[in-house]
Amino acid sequence: MRHTSTPLFAGIEAGGTKFVCAVGSGPDEIRAEARFPTTTPEETLARTLDFLAQAQAAHGPIAAIGVAAFGPLDPNPASPTFGHITTTPKPGWAHTDFVGALRRRFDVPIAFDTDVNGAALGEGRWGAARGLDTFLYLTVGTGIGGGGVVRGHRLHGLLHPEMGHIRLVRDPARDPFPGLCPYHGDCLEGLASGPAIEQRWGQPARTLPPDHPAWDLEADYLAQALHTFICTLSPQRIILGGGVMKQSHLFPRIRARVQASLNGYLQVPPLLERIEEYIVPPALGECAGVLGAIALAQETA
Ligand code: ADP
Ligand code: ZN
């Protein structure tokens, strides 16, 4: 058994389709990693606990655990339901006491936040938002979610932001698709998530060529959302991740539309001549989620 002097942290990226767990202290220092599909809470949490126990046996004590999870969830340590996934529509997962399950086996500090607040924190520490104190991370995938850091603190309040569910303007003549959000119909997620693109056009988003009209519409919706976030939260940078943003041709389209939409109202260089450094992909790529969870653990230790 090898024990080291650098403290080790565990990160759990709890996604709707897969879990990624890692033990380490940063991007260049990952000692163990595991990925498995998200099935029932019992089975998935049992695999998570097994991974943590094995990693601890192999690499030494874990100083803290960070969980970056799909939600909605309760991130407030003062609340009786802290650490629970709350009202999620994901079958079987509503009201799951995630942190409780970890705490029964591991007597260390445990941080619990949204996947996107975690990813924002990780990008702030090691990635595309280094050196900034106020920035957003938006994921456009199976769902749409936004998180961020404001003046150095993860964005919380009443609960946590739900940026995917803001209202947008939809022109029914151009886009008759009514949206698929079970709560709001044509909110941002209802119109612009991967499954929304697939339902609207009748084929998976990844199979639509770059010149398909789907992408101009997608860029319009995302630009509308970013206009709102820029005007409400005044972020110094916006990171766009998630499966749909693998369509990298979306970036220049979104940037141009954000500029057109703001119409010169905010006279700051990042929005005018440096917009390609303002709306950016994640620097940590596929690892943003699990590294974010490790960053959460470090913050709580
Ligand atoms: P999740 O949101 O489940 O955590 P992702 O961020 O990878 O995971 O999002 C998955 C969704 O992103 C898929 O349902 C699909 O709609 C969309 N997607 C995945 N890859 C691509 C791609 N290359 N181009 C466009 N859309 C994609
Ligand atoms: Zn909604």
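Remember, it's a predicted structure, so these values are computed and weren't measured experimentally. In listed order, ligands and their atoms are each counted from 1.
- The part of Gln247 lying near ligand 1 is the side chain, judged by heavy-atom distances below 4.0 Å.
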Chi angles and distances behind the salt bridge (charged side-chain N to carboxylate O under 4.0 Å, His left out) call for Asp175, Arg170:
CA-CA 7 Å; Asp175 181 17; Arg170 173 173 67 94; 5.1 Å; no
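- Put simply, no part of Glu198 is less than 4.0 Å from ligand 1, judged by heavy atoms.
- Atom 9 (O) of ligand 1 has its closest protein heavy atom at Gly141 CA, 3.2 Å.
- If you look at Phe177 and Trp201, their ring centroids are not closer than 6.0 Å.
- Crowding of Arg206 atom CZ: a count of heavy atoms from other residues, nucleotides or ligands under 6.0 Å not exceeding 12.
- Taking the six-membered ring where the residue is Trp, Trp93 and Phe19 present tilted rings, their angle falling between 30° and 60°.
- Atom 22 (C) of ligand 1 has its closest protein heavy atom at Arg206 CB, 3.3 Å.
- Distance from atom 27 (C) of ligand 1 to its nearest protein heavy atom, with residue and atom name: Gly243 O, 3.3 Å.
- Taking every non-hydrogen atom of Gly194 and a distance limit under 4.0 Å, the qualifying atoms of ligand 1 come out as 16 (O).
- Heavy-atom proximity to Thr17, at under 4.0 Å, picks out these atoms of ligand 1: 3 (O).
- With contacts defined as side-chain heavy-atom distances shorter than 4.5 Å, the pair Ile12/Ile65 qualifies.
- In the vicinity of Gly242, heavy-atom distances shorter than 4.0 Å reach the ligand 1 atoms 6 (O).
- Under a cut-off of 6.0 angstrom, the local environment of CG in Asp171 is crowded, with over 12 non-hydrogen atoms contributed by other residues, nucleotides or ligands.
- Classified by interplanar angle (parallel below 30°, tilted 30° to 60°, perpendicular above 60°), the ring pair Phe98/Phe112 is tilted.
- Numbered from 1 in the order shown, with element, the atoms of ligand 1 that lie under 4.0 Å from a heavy atom of Ala205 read 25 (C), 26 (N).
- Between Leu8 and Gln56 there is no side-chain heavy-atom pair separated by less than 4.5 Å.
- The shortest distance between side-chain heavy atoms of Leu226 and Leu138 falls below 4.5 Å.
- Among protein heavy atoms, the minimum distance from atom 14 (O) of ligand 1 is reached at Thr142 OG1, 3.9 Å.
- Within a 6.0 Å radius of CD in Glu273, other residues, nucleotides and ligands contribute more than 12 heavy atoms.
- Protein-derived N/O/S atoms nearer than 2.8 Å to the Zn ion (ligand 2) total 4, waters excluded.
- Within 6.0 Å of atom NE2 in His153, 12 or fewer heavy atoms from other residues, nucleotides or ligands are found, so the atom counts as exposed in its surroundings.
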